[in-house]
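See below for the structure under consideration.
Within every chain, numbering begins at 1; the chains are lettered A, B, ... in the order of the sequence lines, protein sequences first and strands thereafter. None of the values given here were measured: they were computed from a predicted structure. Heavy atoms only: backbone and side chains are in, while hydrogens, waters and symmetry mates are out.
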2 protein chains.
Amino acid sequence: MNNFTFYNPTKVHFGVGMITKLAADLTAAGVHKCLLAAGGGSIKHNGVYADTIAMLETAGIARVEAWGIQANPTLEKVRELIALARTEAVDAILAVGGGSVIDSAKAVAAGFYLDDIWEVFSGKARIERALPIFAVLTISATGSEMNGNSVLTNTATQQKWGMGSELVYPRATVIDPAYQSTLPPKQTVNGALDAIAHILEFYFMDPEASVTMGIDDSLQKTIIAMTDRLLRDPLDTSARANLAWSATLALNGISGAGMKGGDWACHQIEHAFSALHPEISHGEGLGVIFPAWIEFMAERDPKIFDLWAKAVWNEDNTASALKAFRAKIKAWGSATSLRELGIKDNELPRLLDLIMIYPRIGGFSRLNREDVEALLMLAF
Amino acid sequence: MNNFTFYNPTKVHFGVGMITKLAADLTAAGVHKCLLAAGGGSIKHNGVYADTIAMLETAGIARVEAWGIQANPTLEKVRELIALARTEAVDAILAVGGGSVIDSAKAVAAGFYLDDIWEVFSGKARIERALPIFAVLTISATGSEMNGNSVLTNTATQQKWGMGSELVYPRATVIDPAYQSTLPPKQTVNGALDAIAHILEFYFMDPEASVTMGIDDSLQKTIIAMTDRLLRDPLDTSARANLAWSATLALNGISGAGMKGGDWACHQIEHAFSALHPEISHGEGLGVIFPAWIEFMAERDPKIFDLWAKAVWNEDNTASALKAFRAKIKAWGSATSLRELGIKDNELPRLLDLIMIYPRIGGFSRLNREDVEALLMLAF
């Protein structure tokens with residue numbers, strides 16, 4: 001089990017009606033006026049916006065609203081929000097939405113104090129301070145509600161890059177599973193695939209880390225079982241709650257303790273998919289690339305993958321487990337190939353170029369250009 | 001799955017040699033002089049003291065040393081340390097030891113600002129502030145290194161009571177599994193039993209909380225497997241590391257998420273054992289009372305206990321699982337009855353009185369005097 005530092009100061013209020021608890025956290029942090037960052041407006045139809053406004057009014061906190069953050073959030077939108085946050089002199093960011101909104105909120109909170117926030121994403125600058133961030137989660141997927149990561153797309157350069165900092169963990173997050181009861185099945189599945197992918201990024205890094213692997217086995221099985229239940233009955237509140245907390249644990253430090261920071265090749269590759277095709281959802285893209293990555297890697301060294309096959313899929317070898325994994329993804333109505341994602345074969349060279357911009361791809365096993373090309377062919 | 005708030009701001013540096021990381025945390029917190037709280041002196045023989053002093057000297061932090069904190073730590077000793085902390089005007093507490101030392105450190109940190117710290121334990125006062133606490137763990141058992149709980153014994157009244165506060169989470173904790181390589185097998189076992197008991201206090205509270213139950217199944221199995229390995233080879237560093245992190249997770253909020261705060265009857269009862277007989281180790285006492293509690297409760301409603309039997313012990317019913325659990329405890333050289341703990345039958349009435357001082361016993365199912373008496377007879 002490898003050395004690690006675990007640190008996660010986000011306070012999570014989990015459960016139906018827990019949004020009322022956020023008022024005390026905002027007050028304790030001395031917030032007077034927040035930037036309420038949101039997406040396209042679905043929160044106006046499912047009660048989340050009304051609950052949020054009621055909570056802010058109870059706490060006596062003013063707000064300026066910033067709408068229109070989209071899936072695969074962009075640097076351009078973040079720059080617009082930073083300007084607004086400065087003009088309005090807010091003292092906190094309140095993200096009400098999914099991973100895109102929360103990731104954007106983190107970039108705004110840090111960018112508030114920087115000349116150019118993209119320099120943090122491109123590794124040229126460090127975050128020294130940030131406005132306090134609070135979040136009300138509306139879809140369980142990225143884990144952004146309880147970590148210090150953010151991923152943005154620079155549309156101009158087609159780069160979808162990430163950053164992480166201890167300073168952008170949300171101070172407090174509300175995870176109310178009832179807020180997700182009206183999600184379309186497709187989004188529930190995308191969230192589940194994203195969460196599974198986060199676990200898999202860590203899973204194969206150290207077979208000695210039994211405690212983390214055991215937790216990760218259990219999280220994967222819970223996510224699969226709860227997603228199955230939600231596709232049968234989207235109003236299954238117990239399944240919704242269990243899926244929500246599993247997705248948070250999938251990327252809050254617990255699933256990766258002792259796992260050398262994870263591999264992340266699949267995330268790097270998927271980020272290139274959606275940089276090229278912003279309409280591809282992150283979770284669906286991961287559902288295509290991860291089985292291919294496992295297939296590719298297991299040919300080199302099947303041992304650790306066979307452990308996964310047994311523990312998660314109750315199969316004796318990786319090939320059978322991959323068959324079950326892909327069948328599950330297909331049964332969930334999600335793509336199992338690049339072709340199904342809408343990527344054409346003549347786009348593969350550009351995709352390869354976008355992926356190879358990263359100075360290093362993969363932690364489990366470093367991938368060179370030929371490896372990535374082979375992997376893309378396998379996934380095609 | 002029940003509503004809950006998860007909050008755990010402790011930074012954990014886990015792994016061999018990680019103590020050097022603590023210097024930056026102490027410096028960042030503005031610490032100039034700490035009270036180094038410790039036990040009987042074993043840390044002078046296993047290198048922990050030397051590493052701690054080297055770390056403090058690197059950081060340029062002065063210290064005053066306070067030795068002699070014993071197992072089942074006492075209010076009297078805590079009062080002595082509070083006086084010392086005031087006289088020496090320290091600005092932090094550095095606990096170097098196991099749960100007793102860290103629990104005492106928490107009481108000292110809060111008591112520094114209070115007239116009588118026992119009023120917090122007896123529920124008459126609340127903690128409003130505390131000195132910052134840092135910890136170097138030397139035995140994995142209580143989970144105190146990553147939570148806000150403390151248990152003290154008031155020797156005068158024979159009360160062993162606990163308290164919890166967000167203000168006494170250690171700011172940073174070092175868990176170096178190598179520091180535990182010279183532990184006697186008995187102490188490894190006591191720690192494992194304590195950790196298992198923490199998980200069991202939550203486990204039966206809500207069968208709908210699949211995600212938490214799955215994690216708890218996995219933690220129990222990891223603790224059992226790693227303890228077996230350590231009894232065969234105390235220098236098995238991988239087993240030591242996995243046991244250590246499992247024990248931390250057993251009481252840092254993860255194992256109890258959505259579990260209504262847990263039951264805690266067994267802890268209340270065991271605290272009375274060791275208040276009466278301070279030589280009884282907490283873990284060993286729990287190893288006696290928990291199987292009896294499960295046996296007692298399963299007669300009322302076997303369903304949830306049968307789930308545990310299958311998931312953790314791969315047995316079809318609770319009776320068979322309990323047989324396996326008790327056989328394991330026996331194989332580990334630990335007591336399986338009150339008699340083996342050294343409690344005599346004529347002490348049972350006094351024990352019962354000490355237990356019944358609690359205003360409420362148990363959360364899963366509230367125990368009255370007759371229940372506790374029946375449970376003690378079952379455990380005798």
Query - Pick from B:A225, B:G15, B:G258 with the largest number of heavy-atom pairs that fall under 4.5 Å of chain A - result: B:G15
Query raised in the report: Heavy-atom distance under 4.5 Å to chain A: side chain of B:M213, backbone, both or neither?
Result: neither
Pull every donor-acceptor pair under 3.5 angstrom between chain A and chain B and give the atom names with distances.
from	atom 1	to	atom 2	distance (Å)
A:N3	OD1	B:V16	N	3.2
A:N3	ND2	B:V16	O	3.0
A:F4	N	B:F14	O	2.9
A:F4	O	B:F14	N	2.8
A:T5	OG1	B:H13	ND1	2.9
A:F6	N	B:V12	O	2.8
A:F6	O	B:V12	N	2.7
A:K11	NZ	B:E166	OE1	3.3
A:K11	NZ	B:E166	OE2	3.2
A:V12	N	B:F6	O	2.7
A:V12	O	B:F6	N	2.8
A:H13	ND1	B:T5	OG1	2.9
A:F14	N	B:F4	O	2.8
A:F14	O	B:F4	N	2.9
A:V16	N	B:N3	OD1	3.2
A:V16	O	B:N3	ND2	3.0
A:E166	OE1	B:K11	NZ	3.3
A:E166	OE2	B:K11	NZ	3.2
A:E208	O	B:N242	ND2	2.8
A:E208	OE1	B:S238	OG	2.8
A:S210	N	B:N242	OD1	2.9
A:V211	N	B:N242	OD1	2.8
A:G214	O	B:S218	OG	3.4
A:I215	N	B:S218	OG	3.3
A:S218	OG	B:G214	O	3.4
A:S218	OG	B:I215	N	3.3
A:S238	OG	B:E208	OE1	2.8
A:N242	OD1	B:S210	N	2.9
A:N242	OD1	B:V211	N	2.8
A:N242	ND2	B:E208	O	2.8

Report summary line: Counting heavy-atom pairs under 4.5 Å with chain B, the top scorer among A:L219, A:V16, A:I175 is A:V16
Report summary line: If one checks every heavy atom of A:I215 against chain B at 4.5 Å, the contacting part turns out to be both
Query raised in the report: Which atoms of B:L249 come close to chain A, meaning under 4.5 Å heavy atom to heavy atom: side chain ones, backbone ones, both, or neither?
Result: side chain
Query raised in the report: Is it the side chain or the backbone of B:L243 that comes within 4.5 Å of chain A heavy atoms, both, or neither?
Result: neither
Report task. Determine whether A:M18 and B:F4 make a side-chain contact, defined as any pair of heavy atoms from C-beta on separated by less than 4.5 Å. Result -> no
